[in-house]
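What follows is a set of notes on a single structure, which appears directly below.
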Amino acid sequence: MLMSIKILFATGNAHKFAEASAMLRPHGIGLQRLDSKRGEIRAEDVEQVALASAKSLFAEVKKPLIVEDSGLFIPSLNDFPGAYSAWVQKKLGNKGILKLMKNAADRSAYFKACVAYADKKGARTFCGEVHGSICESERGSAGFGYDPIFVPAGETQTFAENETLKNRISHRFNAFTAFARWYSNYVP
Ligand code: IMP
């Protein structure tokens, strides 16, 4: 498909960029990476973080752009690590999460991603989730972050063991697909 549209995607995460680019390609939307060093705002909610970051970055760059914020939420840990997922992954890692979950009866968890798109007409968000559970040990080497400990509902493999499955059902796929459907009828 001819890719006539190019939108900036501000992210420091190369995995996110690769996943999102592959998801938008079938919709004829191309992404260009903006390796933003901008600090994210502090908020509990990934949608608020994405929206505020997109608005402030657009004010600076003045070109149509996307920001995506995401996280892993574990209900038995009061939705920890949530909006702090990146920091917790760095400090505790998957082993730390498995330790916290050692005696948990409820191992359910979900990922949430919110895409915020901003241009001269304003900003809006598109969110997606994927539900599943935290397994007993790390498995697989694909993907990034919490992929080796997350098994989607109804499956046996972790996201890190089955990248194809991940990219078909993930929180990021759901959020970027919602964005692409909206954008295909949008006049910038
Ligand atoms: P942020 O959106 O850059 O604040 O970071 C979100 C963090 O959540 C990432 O650094 C990962 O630790 C985690 N995360 C978000 N999406 C995924 C995913 O698709 N797989 C595994 N971990 C993820």
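Both backbone and side-chain heavy atoms feed into the values below; hydrogens, waters and symmetry mates do not. Bear in mind that the values here come from a model prediction, so they are computed numbers and not experimental data. Just follow the structure's listing: the first ligand is 1, and inside any ligand the first atom is 1.
Remark: distances from the non-hydrogen atoms of Lys90 to ligand 1 are all 4.0 Å or more. Taking 4.0 Å as the cut-off, His171 counts as a neighbour of ligand 1 on heavy-atom distance. Under a 4.0 angstrom heavy-atom cut-off, Leu72 registers as lying outside contact with ligand 1. The shortest heavy-atom distance from Asn13 to ligand 1 is not under 4.0 Å.
In this structure, the ring of Tyr117 has its center less than 6.0 angstrom from the ring center of Tyr183. Phe111 and Phe73 have their aromatic ring centers separated by at least 6.0 angstrom.
Remark: ligand 1 atoms within the under-4.0 Å shell around heavy atoms of Gly145 are 21 (C), 22 (N). Residue Lys16 has at least one heavy-atom neighbour below 4.0 Å for each of these atoms of ligand 1: 1 (P), 2 (O), 3 (O). Those atoms of ligand 1 with a heavy atom of Gln89 less than 4.0 angstrom away are 12 (O).
Side-chain contact check for Asn13 and Glu68: no donor-acceptor pair (N or O, by modelled atom type) lies under 3.5 Å. With hydrogens and angles left out, the side-chain atoms of Asp106 and Ser108 include a donor and acceptor closer than 3.5 Å. For the residue pair Glu19 / Ser21, no side-chain donor-acceptor distance below 3.5 Å is found, with atom types taken as modelled. Arg33 and Thr11 share no donor-acceptor pair across their side chains, judged by distance under 3.5 Å alone.
Where the criterion is an N or O separation shorter than 3.5 Å, residue side chain and backbone included, Lys166 meets it with respect to ligand 1.
Counting heavy atoms under 4.0 Å from ligand 1, residue His15 does not touch it at all.
Across the listed options Phe144, Phe173, Phe159, Phe144 owns the non-hydrogen atom lying nearest to atom 17 (C) of ligand 1. Of the listed options Ala86, Ser70, Ala113, Ser70 places a heavy atom closest to atom 6 (C) of ligand 1.
When each of Val88, Ile74, Leu72 is tested with Phe80 by the rule side-chain contact (heavy atoms from CB on, under 4.5 Å), just one qualifies, namely Val88.
Heavy atoms of other residues, nucleotides or ligands lying less than 6.0 angstrom from CD of Glu129 number more than 12.
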